[in-house]
Amino acid sequence: MSEQITLTVAGAQREVEAGTTGTDLFGDDKAVLVMRVDGDLWDLHREVPAGAVVEPVTAQEPEGLAVLRHSAAHLLAQAVQQANPDAKLGIGPPITDGFYYDFDVAEAFTPDDLKKLEKAMLKIVNEGQTFRRRVITDAEGLEELKDEPYKCELIGLKGNAADAAEGAEAEVGGGQLTIYDNVRRDGSVAWGDLCRGPHVPSTKVLGNAFKLMRSAAAYWRGSEKNPQLQRVYGTAWPTKDQLKAYLERLAEAEKRDHRKLGAEMDLFSFPENIGPGLPVFHPKGGIIKREMEDYVRRRHIEEGFSYVGTPHVSKEDLFYTSGHLPYYADGMFPPLDLDGQKYRLKAMNCPMHNEIFRSRGRSYRELPLRFFEFGTVYRDEKSGVLSGLTRVRMITQDDSHSYVTPEQAPGEIKHLLDFILGLLRDFGLNDFYLELSTRDEDGDKKDKFIGTDEQWEVATQVLADVANASGLELVPDPGGAAFYGPKISVQARDAIGRTWQMSTIQYDFNMPERFGLEFQAQDGTRQQPVMIHSAKFGSIERFLGVLVEHYAGQFPAWLAPVQVLGVPVAEEYYDYLGEVGEKLRRAGVRVEMDTSDDRFPKKIRNASKSKAPFILIAGEEDRDNGAVSFRYRDGSQKNGVPVDEAVAEIAAYIASRNNTSPTAAEAPSEA
RNA sequence: GCUGGAGUGGCGCAAUUGGUAGCGCACCUGUCUUGUAAACAGGUGGUUGUGGGUUCGAGUCCCAUCUCCAGCUCCA
C-alpha cells in the first residue's frame, strides 16, 4: 500500500518507500552526520522527497565538520542554560577549528565555569539526546522565544541574515524558521533553540572530542555600538585523536611564539619605560634585522629602485594634502607644537616620496620612477590590538612608490608582484595566496573611499588582471581597500600552516592628483602619473616576528645572529679553536666561542640550545690533524674536517642563502 | 577603546584562612675541565608593576593607575 519513490542515493538510482528518511538510508554508518539533498544539507531524520539526489555527508568533508561543530555549539548553549536559565542566547556558529556561542549573562565565565560546562556537556553527550527539527512561523517563533531578545531580533532580520552578523545565518538562514529540540531517550524535550540546522543525529556523535578553550567578550552583531556578550570558544573534532592533534598544534605554535623566543634568544624587548608597541632590538635581533634590510635594499636596487631617505616628522599640512589626516586622525599620534606650527610623526611615507617627485620637473623618460626606503612610521594603534612584533606602534616599512604612466601600470604591478614573491621565497616562504581588497560598495564605510567610480573600476581591474595572471589563488576582500585605492596583498603560509599578511601593492590614482604630480610627456603636454605603493614585508618588525615563528628560532645560516659556535673539548684547545674562529671571522662569518669553565657535555647542551646552525668542536684528535669537527642542529656530526675546508664550507653555505639547516647528511657544499 | 584574566630576582615558578618572601635555571667565586644535551661547593641578586588605603601586621584584602595575555572592534 505504501507508495514507491525513486531517489538517487550516493550516485545510484534506488526505489524506496515514500517517507524514507536519511536515517533509513545511511543510519548504519555512524560516520554519516547529515545528508546532502539536492545540494542542501539536511538532518538525517528528515524524509527524503521523491526524485531527490541524496548523498551522505561525514566529518571528512568541511561541511560535515562544520555541522559537527555547530552541534557542539548547541550542546554548549544547552549546558549554559541548564546551569543558568537566565542566560540569553546570542549566536553560535562553527568557525575554523571549532565553534563559539555568545551569551548575555550577568557574570563573565571563569575558567572554572568552563570546566563545569564541559562536564555538563559530556553528560548531555552521554544521554544520547537527539536533535529534532521543527518548522515554525515568525509569529510562533516570536511567541516561543519571547524570553530570548537576541533571537527575536534575528527573526526580525531574517532574510538578510548575512547582514545581521557574521555567523547569524547559522541561526536563521534565509528561508524557513526552524527550532531544534533536544530530545531525551524517553521522548521528553530537554532543550530547544532557534536554529537553521542541520545537526548531527545524536549528541553521542560529539563523543568527548570537544573542549572549551576560553571565554571573552564580543560585541552583539559585531558592532562596537552594541552591548557586549560573553563568548565561549570551543573546539570539536570527529575523533579524540584529532582533538589531541589539534591541541598539540596549539602547543607547537606556543613554542614558536616570537614573543617568547625573542626574549629567550635575546633578540628584542618592549621596555615598559619606552612604551607599549615600541620595540628595541638587542644586538642579536639587530643582526637579523640588518641582514634582512641589507638584502632587501640590495634587491630593490637590482630591481631598479632608488634608495631615498625621509624624516620621521613633518608639518601637519602634508597629511592634509595627502588626505590621511581627515580620514585617519585617530591612527596618528597627536600633533607636536613647534612655535605654533603643528608637526606630526609620520604614519606613512608616501607624502614624503611625493615631495621628492615634485622637487623638480619630471620627464616621461624617467618613468617608471621608483623610490624606496626603510621608512619608519608611527601609528597610534589602539592599546588592545598591540601584540608582540606583529602589531606595533613603530613600523619600519620596506616601502616603495613607483610613479608610472597609466599605460605602464600593469607592467609595473606585475614587476612588483614577481619581485615580492621572489623576495619572500628568498626568505624561505613558499606558499602564498593573494587577496584583492576593493572598496565597500554600499556598506556604512562607503564614504571612506575617495575617487570616482571609474577610477576605482580601472584600478581594481588592473590589479585583478595581474593577480589572475599570477596563477595564485585569489581571495576577494570587499571593503578592505585603502581610502585612496584598491590593493593586492600577499598572504604567506608559514611552516605550521598559519597565514600572515605580508606584502601589499596599491594602485593609487588619487594622491598624484592631491599633490599635483606631473611629468612632461613626449608630446610636450603635462600629465599626471599613477602611483603604485608597495610594501614587500609590510613591516620589518612584523616580518622578523614571522620569521622567528616560521623557523622556530632556528634561522637560516645567512640570517642567524650566531652562525658558528665554537666548543673546545677542554681548556687546552681554546687557543687552537680560537684561531679557527679568527679565520672564520676574516671570511665574514659571525662566530662565538664557548670559553666558559663548563665541562664538555654541558657546553654541547648549551650549544644545542643556542640554535646556532654550525657548532665547531676541537679536541686532541682535531688539533693533531689540523682539523675541526661539525655538529649540526639535527645532532648529526662530521668529524675531522681540515680547517680550511671547514671555513670554506661554512662561508659557502652562508653565501648560498640556503634556508634549510645544514646537516651532515647533506653533501657539504650543495650551495 | 571594550570585556575578562594576569603581573613575585634576568627567565620559569612557589608561598596554608593576611603572620620571617622561597626553589630551579642563569649570574658571580672557588675546586674542576680531553669527544657530543646538565661536574661539585659556596655566593650575589626581590621595598612582590606603580601609587594610595584597610590592618598590630599585606605578595595575599580594597581603590586607582601602568603593562602584558585572550577575545571583540580596528588595522591608511
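Just so you know, these numbers come straight off a predicted model, no measurement behind them. Letters A, B, ... are given to chains in the order of the sequence lines, protein chains preceding strands, and every chain is numbered from 1.
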Which of the following nucleotides, [options], is nearest to the side chain of [X]?
X	options	answer
A:I604	B:U34, B:A37, B:G1	B:A37
A:Y484	B:U67, B:G71, B:A76	B:A76
A:K382	B:A37, B:U73, B:G35	B:U73
A:V569	B:A76, B:U34, B:C74	B:U34
A:Y219	B:C32, B:U67, B:U73	B:U73
A:F600	B:C72, B:U36, B:C75	B:U36
A:K602	B:C72, B:U34, B:A38	B:A38
A:A217	B:G35, B:U3, B:G1	B:U3
A:H324	B:G4, B:C74, B:A76	B:A76
A:D597	B:A76, B:U33, B:U34	B:U33

* To do: Would you kindly compare A:R542 and A:E264 by the position of their nearest RNA chain B nucleotide and give the one closer to the 5′ end?
  =>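 Its nearest nucleotide being more 5', the pick is A:E264.
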* Asked: Between A:A482 and A:E571, which has a closest nucleotide on RNA chain B that is more 5'?
  ->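 That would be A:E571.
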Using a 4.0 Å heavy-atom cut-off, does [X] contact any base of the nucleic acid, only the sugar-phosphate backbone, or nothing at all?
X	result
A:R631	base
A:N639	base
A:S629	base
A:D330	nothing
A:A263	nothing
A:L229	nothing
A:R214	sugar-phosphate
A:K609	base

* **Aromatic ring proximity, centroids under 6.0 angstrom, A:H533 and A:Y484** => yes
* What about the rings of A:F319 and A:Y328, do their centers lie closer together than 6.0 Å? ->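 So the answer is no for these two rings.
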Nearest whole angstrom, please: distance from the [atom2] of [N] to the [atom1] of [X].
X	N	atom1	atom2	answer
A:Q501	B:A76	CD	P	8 Å
A:Y320	B:A76	OH	P	20 Å
A:W220	B:C72	CH2	P	16 Å
A:E381	B:A76	CD	C1'	10 Å
A:D266	B:A26	CG	P	16 Å
A:Q230	B:C2	CD	P	15 Å
A:R391	B:C68	CZ	C1'	17 Å
A:D102	B:U3	CG	C1'	12 Å

Say we look at [N] and [M]: how far apart would their [atom1] atoms be, to the nearest angstrom?
N	M	atom1	value
B:C32	B:C23	P	28 Å
B:U60	B:G49	P	8 Å
B:G59	B:U17	C1'	16 Å
B:C13	B:G7	C1'	13 Å
B:A64	B:C56	P	24 Å
B:A26	B:U65	P	41 Å
B:C11	B:U20	C1'	26 Å
B:G53	B:A76	P	46 Å

OP1, OP2 of [N] versus side-chain N and O of [X]: anything below 4.0 Å?
X	N	answer
A:S215	B:G4	no
A:Y233	B:C72	yes
A:R259	B:C69	yes
A:R623	B:U34	no
A:K487	B:A76	yes

Partner nucleotide, any strand, of [N] [Watson-Crick/G-U, under 3.5 Å]:
N	answer
B:G18	none
B:U60	none
B:C72	B:G1
B:A41	B:U29
B:A6	B:U67
B:C11	B:G24

* To do: Just say parallel, tilted or perpendicular for the rings of A:F483 and A:H324, cut-offs at 30° and 60°.
  =>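 Perpendicular.
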* Indicate the ring-plane relationship of A:Y101 and A:F103, choosing parallel, tilted or perpendicular according to the 30° and 60° boundaries. =>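 Parallel: the ring planes of A:Y101 and A:F103 meet at under 30°.
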* Residue of the set A:L345, A:D399, A:N349 for which side chain to side chain contact (heavy atoms under 4.5 Å, CB included) holds with A:V377 -> A:N349
* Asked: For the side chain of A:Q637 and the base of B:U36, is some donor closer than 3.5 Å to an acceptor across the two?
  -> yes
* Side chain A:Q228 and base B:C2 donor-acceptor under 3.5 Å -> yes
* Charged N to carboxylate O under 4.0 angstrom, A:E252 versus A:K255? -> yes
* Asked: Does a donor on one side chain sit under 3.5 Å from an acceptor on the other, for A:S629 and A:Q637?
  -> no
* Can a cation-pi geometry be assigned to A:K638 and A:F630, taking NZ or CZ under 6.0 Å from the six-membered ring centre and within 45° of the ring axis? ->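 Yes, cation above the ring, under 6.0 Å and within 45°.
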* Asked: Does A:F449 have A:R439 sitting over its ring (NZ/CZ under 6.0 Å from centre, angle to axis within 45°)?
  -> no
* Asked: Is the count of non-hydrogen atoms from other residues, nucleotides or ligands lying under 6.0 Å from A:E381 atom CD greater than 12?
  -> yes
